[in-house]
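One structure is given below, encoded as structure tokens.
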Amino acid sequence: MANSGEDFSQFEISKEEKDKLVAEVIRYILFKTHQNSGCAIKREELSQLVTKNYRHRSLPAFVINEAKDKLSTIFGYELRELQRSRPSSTNHARLSQQSGADAKSYVIISQLPAEVYRKYVEDVNTSHLTGFTFVVISIVHLAGGKIAEENLWHHLKRMGLHATDENHPVLGNVKQVVETLVQQRYLQKDKVIGPEGNTLFYELAERALDGPVCERIKQYISQIVKKDIATMDT
Amino acid sequence: MAVLNWKHHALIQSLLSRGPLKEKEFHSIFTGITGQNPGTHQEKFNDYLLKINRELSFVQLDLRACRDQYDGQVYYGVVNNVSDEQSKLGTRYSVPQIAFFKAIIEAIAQDVTAQGTISNIDALNIKLENQVLNSLGSQSQDGSLNVPAAFRNFTLSQKEKTLDQLVQDKWLCFTEDGNVGVGVRSILDLRSWFRNAEVPSCEVCNEAGLKAKLCPNEGCTVRIHQYCLKRRVCQRGVIVCPSCDTQWQYQPPKAEPIELEDEASGPTQSQPPSRSTQSQPPLRSRRKRQRLSQNDDAETAGCSSQAASQADSDMRRVTRSSARLR
């Protein structure tokens, strides 16, 4: 690429230094993802890796872009950028002075075809969590994309999952798992100030609203619901 | 220009997502993805791994194989090569948990009898304060140790839970006799740590000899893994220490074909009269010091059969394996 030569001189760093930064960012993403089980990583954290030692203002963006590239070519992971699409709630307006760029966060998503992923990559030891994620997202979906906290638990209770349960044999602390879904950006929490006090609402967030994911969920739900309708008819 | 395609990516992601995999499993994934069996298409398999490692080196990671020291099985995993700030994040264990793990590994590594294990009780009795001692060296600030509260308050049940978690994550393992041993992940990841801790290496494969057979000569420091012993069996069917020429007792592994019954008749091997001058066994020159290649059963059966007439087939088998490495 003809541009790369100019890019380096623009940033005043050598190719080796640039490569080192890109590698650091990639490693940070991989290790952090493992540590926090797939919760989103803030762009700010990645930028810091660069600005720690280098002052040039557009260098972080350049490095992150190249890291995105390499994650795809080396690992087959997409570095998905999630932007907080809706402000979390009205009373946080004061705090949302962050510039648009900083509110971005990232997750890595496998680019493998679903069949391949399911057959070879998926870790069966975590399928209980994936299953739970699907159930919760479906409930919120069927509720129109937004559901009050107590309604959600009302439905989960029908499956034997209680908010107070800290020792569920499969999921452990169930409330904590729901909280993890928020951190992984499948759900987001909204506090709505109502006449009777504050109600906590769960809303579908970026990862659950992602195109392909949304489609598949709708398909699965309709499969399940069709089955129910059929048995009701007989 | 992409060097790796989705097939390479699938292999990498499967290891990253599922942790170290047994050779059989990894091979079957390879077969499923490429339609070719690594056993019959060794070149292609190696080519894939080579390509993958060239790319992974950009981020100081490595796809490598190792052997579980308790059952000799080969495992594949993606390993981190450099300990830097980023990799320190890559753990879900707390500081006292890591200290506990380190203490267990140290205890196993320092075992002069090369049993490769410590008992469950000993593991649970480990005092984390000693870990602090070790890291501070011999300095003692006004006589009192600065032991963090988390270390002092690390309860027995926390140790048990940590132990279970470490075994589940394959950093440690529970051996058949109920002891705690070094897990596959540790063997993959901690290679350089073992070297720095000066754990004696196996003479045959040059990997840390955590669980290994020691030379019967007490003055000799040679040790060899059980599964590596087969490679040192010479034409006459005995094992001789490479450094002190003492004869070793050789027990063929239990999973031997029936025609070798005369060897497996009892735990003690019959001792042929030892000769002071031993001719160099042909197998010794083929000792592989590189990364372990798969050791298929045919080769092991061939090596342990003692008849001289088998020597030719031994050589043939061994040369096949050397071809594999290229």
Side-chain angles (χ1 to χ4, degrees), chain A residues 1 15-16 18-39 41 45-46 48-50 52-53 66-67 69-78 108-127 129-130 167 172 180, chain B residues 1-21 25-34 51-63 76 78-94 98 161 165 168-170 185 189:
Chain A
M1 292 196 296
K15 182 172 188 300
E16 287 74 28
K18 185 263 301 180
D19 281 346
K20 188 157 179 290
L21 281 174
V22 175
E24 269 180 33
V25 168
I26 295 176
R27 282 165 63 86
Y28 183 89
I29 293 172
L30 290 174
F31 285 117
K32 199 82 202 286
T33 301
H34 171 77
Q35 184 194 51
N36 61 24
S37 312
C39 296
I41 300 175
E45 295 171 42
L46 301 180
Q48 252 182 26
L49 291 172
V50 180
K52 197 167 47 167
N53 290 323
E66 193 154 323
D69 231 11
K70 282 264 188 287
L71 272 168
S72 180
T73 55
I74 300 179
F75 294 93
Y77 285 133
E78 179 195 340
I108 47 175
I109 297 183
S110 169
Q111 289 169 318
L112 293 172
E115 264 314 293
V116 174
Y117 186 88
R118 190 186 57 81
K119 238 177 157 182
Y120 304 114
V121 177
E122 172 150 41
D123 182 10
V124 291
N125 296 327
T126 55
S127 22
L129 292 170
T130 327
N167 285 308
T180 312
Chain B
M1 188 171 60
V3 177
L4 303 180
N5 60 29
W6 67 271
K7 297 181 188 174
H8 302 95
H9 294 155
L11 288 169
I12 297 175
Q13 287 189 22
S14 68
L15 287 174
L16 286 176
S17 159
R18 295 161 66 179
L21 294 173
E25 180 64 36
F26 193 61
H27 280 192
S28 81
I29 295 179
F30 187 84
T31 311
I33 292 177
T34 64
K51 269 208 174 121
I52 287 175
N53 275 328
R54 266 203 217 112
E55 296 301 303
L56 283 179
S57 65
F58 183 80
V59 280
Q60 288 101 46
L61 297 177
D62 210 7
L63 202 174
Y76 284 89
V78 173
V79 180
N80 175 32
N81 280 336
V82 171
S83 166
D84 60 3
E85 284 308 309
Q86 284 74 39
S87 59
K88 295 205 176 105
L89 297 169
T91 178
R92 295 197 202 120
Y93 292 103
S94 66
I98 296 178
K161 276 210 184 110
Q165 188 65 46
Q168 199 178 37
D169 287 343
K170 302 207 180 116
R185 246 192 234 270
D189 247 350

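Below, read A as the first sequence line, B as the second, and so on, with proteins coming before strands; counting in each chain starts at 1.
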Under 4.5 Å from any heavy atom of chain A - which part of [X]:
X: B:Thr91; value: backbone
X: B:Gln60; value: both
X: B:Ile12; value: side chain

Can you tell which part of [X] gets under 4.5 Å to a heavy atom of chain B, answering side chain, backbone, both or neither?
X: A:Tyr117; answer: side chain
X: A:Ile29; answer: neither
X: A:Ser72; answer: backbone

Enter the distance from [X]:[atom1] to [Y]:[atom2] here, rounded to the nearest 0.5 Å.
X: A:Thr126; Y: B:Arg18; atom1: OG1; atom2: CZ; answer: 10.5 Å
X: A:Tyr120; Y: B:Ser17; atom1: OH; atom2: OG; answer: 14.5 Å
X: B:Leu16; Y: A:Ile108; atom1: CG; atom2: CD1; answer: 8.0 Å

For A:Asn36 and B:Arg92, test the side chains for any donor-to-acceptor distance below 3.5 angstrom and give the result as yes or no.
->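 Looking only at side-chain atoms, B:Arg92 and A:Asn36 do not form any donor-acceptor pair under 3.5 Å.
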Closest-packed option against chain B by number of heavy-atom pairs under 4.5 Å, given A:Ser37, A:Gly76, A:Pro113 =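 Highest number of heavy-atom pairs under 4.5 Å: A:Gly76.
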Mind ranking A:Gln111, A:Gln35, A:Lys20 by heavy-atom pairs under 4.5 Å with chain B and telling me who comes out on top?
->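 Top count of heavy-atom pairs under 4.5 Å with chain B: A:Gln35.
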Under a 4.5 Å cut-off applied to non-hydrogen side-chain atoms, are B:Leu61 and A:Phe75 in contact?
->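 The answer is yes, as the side chains (C-beta and beyond) meet within the 4.5 Å cut-off.
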Would you say the side chain of A:Ile74 lies within less than 4.5 Å of the side chain of B:Leu56, judging by non-hydrogen atoms?
->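 Side chain of B:Leu56 against side chain of A:Ile74, heavy atoms only: contact under 4.5 Å found.
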Any pair with a residue in residues 118-127 of chain A that passes salt bridge (Lys or Arg N to Asp or Glu O under 4.0 Å), sequence neighbours left out, goes on the list, sorted by first then second residue, please.
->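 Matches after skipping sequence neighbours: A:Glu115-A:Arg118.
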Taking every non-hydrogen atom, the tightest pair across B:Phe58 and A:Ala23 =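 Shortest heavy-atom separation between B:Phe58 and A:Ala23 comes out as O-CB, 3.4 Å.
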Which of the residues B:Leu11, B:Ile33, B:Leu15, B:Ile52 is involved in the greatest number of heavy-atom pairs with chain A at under 4.5 angstrom?
->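 Sorted descending by pairs with chain A, the first entry is B:Ile33.
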So among A:Glu24, A:Lys70, A:Arg27, which one has a side chain to side chain contact (heavy atoms under 4.5 Å, CB included) with B:Val59?
->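 That would be A:Arg27; it is the only one of A:Glu24, A:Lys70, A:Arg27 passing the side chain to side chain contact (heavy atoms under 4.5 Å, CB included) with B:Val59.
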Please check if the side chain of B:Gln13 supplies one atom and the backbone of A:Ser110 the other of a donor-acceptor pair under 3.5 Å.
->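 No; zero donor-acceptor contacts below 3.5 Å.
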